[in-house]
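Some notes on the structure that comes next.
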Amino acid sequence: MRLVFMGTPDFSVPALEALAEAGHEIAAVYAQPPRRAGRGKKDRPTPVHVRAEAMGLTVRTPKSLRDPQAQADFAALNADLAVVVAYGLILPQPILDAPRLGCLNIHASLLPRWRGAAPIHRAIMAGDTETGICIMQMEAGLDTGPVLLCESTPIGAEETTGALHDRLSQMGARLIVRALETLDMLVPQKQPETGVTYADKIDKAEAAIDWSRPAIEVDRQIRGLSPFPGAWTTHRGERLKALASRVAEGQGRPGEVLDNQLTIACGQGALQLTRAQRAGREAQETDAFLRGHPITPGDILGD
């Protein structure tokens with residue numbers, strides 16, 4: 001097929017590569033515009049932009065698709081289909097209608113659960129035991145379109161958003177190729193009206209750890225916000241990021257360090273930090289972290 005690919009972050013790259021490897025013609029790649037980043041605040045192209053150029057593909061980075069000229073340019077590509085993966089811009093109806101077969105979205109949840117911007121984070125933070133990928137026909141509503149193909153996967157007890165992100169990215173790439181191979185045989189399934197939840201964009205204000213909460217909730221927060229923005233606490237006035245954890249045995253004052261392996265008491269139960277990071281330093285496993293920043297039993301985190 002003649003495709004337009006629309007995506008921006010790392011999550012989208014495997015799908016772009018898989019579609020090209022499957023022999024589809026990529027008429028153009030749409031990505032969000034380069035953004036200022038790094039110490040020099042220079043414009044940095046997005047991961048999809050970088051990979052598409054390396055593949056010799058045409059890249060377009062409009063700030064909006066509401067402009068009539070941008071819509072005309074898109075329609076002039078005469079695409080059979082547009083594949084959208086975490087693009088990050090709203091697609092107006094003229095864009096949705098332009099490809100001969102419409103637009104398909106790779107969405108990282110089991111719709112209608114976790115429609116919206118941060119489905120991977122929210123699934124872990126809510127304690128979901130499974131998630132998956134849905135290939136969905138796009139329409140004007142937020143992730144409301146009928147589903148063509150869906151595959152589920154369990155969420156590991158210690159899995160972080162970063163690890164799950166990478167697994168779902170590869171799953172989405174595999175599933176979109178299968179969807180296009182069998183498109184004529186797939187029957188769109190309307191999403192049920194029950195079970196709808198929304199995955200709001202992550203706010204950095206959610207990252208501060210409240211050790212008075214139950215250990216199971218703090219563990220989900222830590223894993224759900226890892227690696228970005230990273231749940232955090234403080235130790236002797238210094239902010240520390242908690243990047244991986246597991247629920248553990250123990251009790252004490254909320255925030256109290258219970259042993260030499262960073263087991264921390266919570267409002268109910270305890271958890272062990274298995275990966276942490278100091279400001280300006282690399283993330284480290286517990287043993288290495290404690291060698292550079294001693295935290296001893298009886299210390300209180302978060303004071």
Side-chain angles (χ1 to χ4, degrees), residues 1-32 46-49 51-60 65 73-112 115 119-120 131-153 165-191:
M1 291 188 185
R2 181 173 168 84
L3 305 177
V4 174
F5 185 87
M6 310 179 82
T8 295
D10 288 324
F11 185 86
S12 313
V13 172
L16 173 62
E17 295 173 336
L19 291 168
E21 290 171 5
H24 296 287
E25 177 189 1
I26 312 295
V29 172
Y30 278 70
Q32 287 199 37
T46 65
V48 164
H49 187 160
R51 185 66 185 115
E53 285 193 337
M55 295 168 66
L57 300 172
T58 299
V59 180
R60 296 179 177 179
L65 292 171
D73 293 342
F74 185 88
L77 292 168
N78 295 315
D80 294 314
L81 190 75
V83 173
V84 184
V85 196
Y87 178 41
L89 291 183
I90 294 174
L91 304 190
Q93 198 64 47
I95 297 292
L96 295 173
D97 294 339
R100 181 174 63 89
L101 299 172
C103 302
L104 295 187
N105 177 243
I106 304 175
H107 187 76
S109 80
L110 300 176
L111 293 167
R115 294 173 178 172
I120 302 175
T131 186
I133 290 288
C134 285
I135 307 298
M136 176 193 68
Q137 288 182 338
M138 295 185 71
E139 56 184 32
L142 177 63
D143 299 327
T144 57
V147 174
L148 293 177
L149 204 57
C150 193
E151 184 174 313
S152 64
T153 185
H165 166 284
D166 293 349
R167 286 206 297 119
L168 291 176
S169 177
Q170 296 294 332
M171 183 186 295
R174 174 169 49 81
L175 220 58
I176 191 62
V177 170
R178 190 201 309 173
L180 297 194
E181 288 174 348
T182 59
L183 196 58
D184 292 342
M185 297 180 284
L186 297 177
V187 178
Q189 300 292 323
K190 183 179 179 180
Q191 292 186 36

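FYI, the numbering just counts along the sequence from 1.
Here Gln170 contributes atom CD and Leu175 contributes atom CG; the two are 12.5 Å apart, rounded to the nearest 0.5 Å. Atom CD1 in Ile176 sits 8.5 Å away from atom CG in Leu3 (nearest 0.5 Å).
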May I have the list of side-chain donor-acceptor pairs in residues 91-107 shorter than 3.5 Å, sequence neighbours left out?
| unit_1 | atom_1 | unit_2 | atom_2 | d |
| --- | --- | --- | --- | --- |
| Gln93 | NE2 | Asp97 | OD1 | 3.0 |
| Arg100 | NE | Asp80 | OD1 | 3.1 |
| Arg100 | NH2 | Asp80 | OD1 | 3.2 |
| Asn105 | ND2 | Val84 | O | 2.9 |
| His107 | NE2 | Ser109 | OG | 3.2 |
| His107 | NE2 | Trp114 | O | 2.8 |

Please list every donor-acceptor pair under 3.5 Å in which a side-chain atom of residues 131-143 meets a protein atom from a residue at least two apart or in another chain.
| unit_1 | atom_1 | unit_2 | atom_2 | d |
| --- | --- | --- | --- | --- |
| Glu139 | OE2 | Thr144 | OG1 | 2.7 |
| Asp143 | OD2 | Gly116 | N | 2.7 |

Only pairs under 3.5 Å count here: list side-chain donor-acceptor contacts from residues 19-29, not counting sequence neighbours, and write none if there are none.
| unit_1 | atom_1 | unit_2 | atom_2 | d |
| --- | --- | --- | --- | --- |
| His24 | ND1 | Met1 | N | 3.1 |
| Glu25 | OE2 | Arg2 | NH1 | 2.5 |

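The shortest side-chain heavy-atom distance between Leu148 and Leu183 falls under the 4.5 Å cut-off. Side-chain contact check for Val85 versus Val48: every heavy-atom pair is 4.5 Å or farther apart. For the pair Arg60/Val4, no side-chain contact is recorded, criterion being any heavy-atom separation below 4.5 Å from C-beta on.
Taking all atoms of both residues into account, the shortest heavy-atom contact from Ser12 to Phe5 is O-CZ, 3.4 Å. Across Pro9 and Ala86, no two heavy atoms sit closer than the pair CD-O, 3.1 Å. Of all heavy-atom pairs spanning Leu186 and Ala179, the tightest one is CD1-O, 3.7 Å. Summarising the geometry of Ile120 relative to Ala108, their closest heavy-atom pair is CG1-CB, 3.9 Å, with the distance given to 0.1 Å. The two atoms that bring Met6 and Ala82 nearest to each other are SD-CB, 4.4 Å, heavy atoms only.
Residue pairs satisfying the salt bridge (charged side-chain N to carboxylate O under 4.0 Å, His left out) criterion with at least one member in residues 167-182, sequence neighbours excluded, are listed as follows: Glu151-Arg174, Glu151-Arg178, Glu159-Arg167.
The salt bridge (charged side-chain N to carboxylate O under 4.0 Å, His left out) search around Arg51 returns Glu17, not counting sequence neighbours. For Tyr87, there are no ring-ring contact (aromatic ring centres under 6.0 Å, His included) partners, not counting sequence neighbours.
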Task: side-chain contact (heavy atoms from CB on, under 4.5 Å) assessment of Tyr30 paired with Leu65 - done: CA-CA 10 Å; Tyr30 278 70; Leu65 292 171; 4.0 Å; yes

